[in-house]
Amino acid sequence: MNERMLDKNNKPSFDEMLEYSGRSKEAWLQIEVFLKNNYNLSDKIRFPYGKDYGWGKSYRHNKKHICDIHAEKDSFTVFFQIRSEAINQIEGQLSEYALLTWKNRYPCGSGGWIRYRVTNKEQVNDIILFLSAKIRPLK
């Protein structure tokens, strides 16, 4: 388990979460800009999924869950649920690491939950592909 913000009694600000993500901060900001530019976005900082996941930021389009991003020391993890049919549309465009995260998903319904750990800006493209396949961008 990577170092996450696990103190449930100490709610961080978004800026604190970004700073904690260190060298991956710019990648998180790129994803945030993509989400804001392409969805009717609402977001909030929360402590979901139990004590091992820590503080994260939840993103929704209208009332539909897009993803949660959890701050980690010098990285972050994006959690989202996606259907197999959506993956079939983008499979050839995903990196080997993205395909591995899909293979190791937590099965659920006709797809599963993906935990994609982002450590550099090059991985942002995978996240944008996944999220665009999950919920078609407005633009």
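The basis for the numbers below is simple: all heavy atoms, side chains too, and nothing from hydrogens, waters or symmetry mates.
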Test item: Cys67 and Leu131 side chains (from C-beta on) under 4.5 Å apart, heavy atoms:
yes

Starting at CZ of Phe76, measure out to CD1 of Ile127 and round the result to the nearest 0.5 Å.
7.0 Å

Stepwise, does the side chain to side chain contact (heavy atoms under 4.5 Å, CB included) test hold for Lys64 with Asn62?
CA-CA 6 Å; Lys64 185 172 174 122; Asn62 296 326; 5.8 Å; no

Is any side-chain heavy atom of Val78 closer than 4.5 Å to a side-chain heavy atom of Asp68?
no

Can you tell if the side chain of Ile114 reaches within under 4.5 Å of the side chain of Thr101, non-hydrogen atoms only?
yes

Within a 6.0 Å radius of atom CD on Glu96, are there more than 12 heavy atoms belonging to other residues, nucleotides or ligands?
no

Supply the atom-to-atom distance Gln89 CD to Ser132 OG, rounded to the nearest 0.5 angstrom.
11.0 Å

Give, for atom CZ of Arg23 and atom OG1 of Thr119, the distance between the pair rounded to the nearest 0.5 Å.
7.0 Å

Basic-acidic side-chain contact under 4.0 Å: Lys121, Glu26
no

Treating Asn120 as the side-chain partner and Gln123 as the backbone partner, does any N or O pair qualify as donor plus acceptor under 3.5 Å?
yes

Least distance between heavy atoms, Met17 atom then Lys57 atom
CE-N, 3.7 Å

Short question: side chain of His65, backbone of Arg60 - any donor-acceptor pair under 3.5 Å?
no

Do Trp113 and Arg105 have side chains that get closer than 4.5 Å, going by heavy atoms?
no

Taking every non-hydrogen atom, the tightest pair across Gln93 and Leu129
OE1-CD2, 3.4 Å

Do Val118 and Thr77 touch side chain to side chain, with heavy atoms closer than 4.5 Å?
no

Do the non-hydrogen side-chain atoms of Leu41 and Ile66 ever get within less than 4.5 Å of each other?
yes

Is the His70 ring parallel, tilted or perpendicular to the Tyr49 ring (thresholds 30°, 60°)?
tilted

Given side chains that start at C-beta, do those of Glu85 and Ser110 come closer than 4.5 Å, heavy atoms only?
yes

Less than 3.5 Å apart, any donor N or O on the side chain of Tyr106 or Gln81 sitting next to an acceptor on the other?
no

Taking the six-membered ring of Tyr20 (Phe, Tyr or Trp), confirm whether the NZ or CZ of Lys73 is under 6.0 Å from its centre and within 45° of its axis.
yes

Distance to the ring centre below 6.0 angstrom and angle to the axis at most 45 degrees; does that hold for Lys134 and Phe80?
no

Using the side chain to side chain donor-acceptor pair (under 3.5 Å) definition, which of the options Glu32, Lys44, Lys36 pairs with Tyr59?
Glu32

Compare every heavy atom of Trp102 with every heavy atom of Gly111, then report the nearest pair and how far apart it is.
CA-CH2, 3.9 Å

Using side-chain heavy atoms (C-beta onward) and a distance below 4.5 Å, is Phe130 in contact with Ile90?
yes

Is there a path of hydrophobic side-chain contacts, each under 4.5 Å between heavy atoms of I, L, V, M, F, W or Y residues, that connects Leu35 with Val33?
no

Cut-off 3.5 Å, side chains only: do Ser21 and Glu72 have a donor facing an acceptor?
no

On a heavy-atom basis, which atom in Ile45 and which in Ser13 lie closest, and how many Å separate them?
CD1-C, 3.7 Å

Grab the two heavy atoms, one from Gly54 and one from Pro48, that are nearest each other, plus how far apart they are.
O-CD, 3.9 Å

After noting the C-alpha distance and the side-chain angles of Trp28 and Phe14, does the key distance pass the ring pair (Phe, Tyr, Trp, His ring centres under 6.0 Å) rule?
CA-CA 11 Å; Trp28 190 336; Phe14 182 51; 5.5 Å; yes

Between Asp52 and Arg4, does any side-chain N to carboxylate O distance fall below 4.0 Å?
no

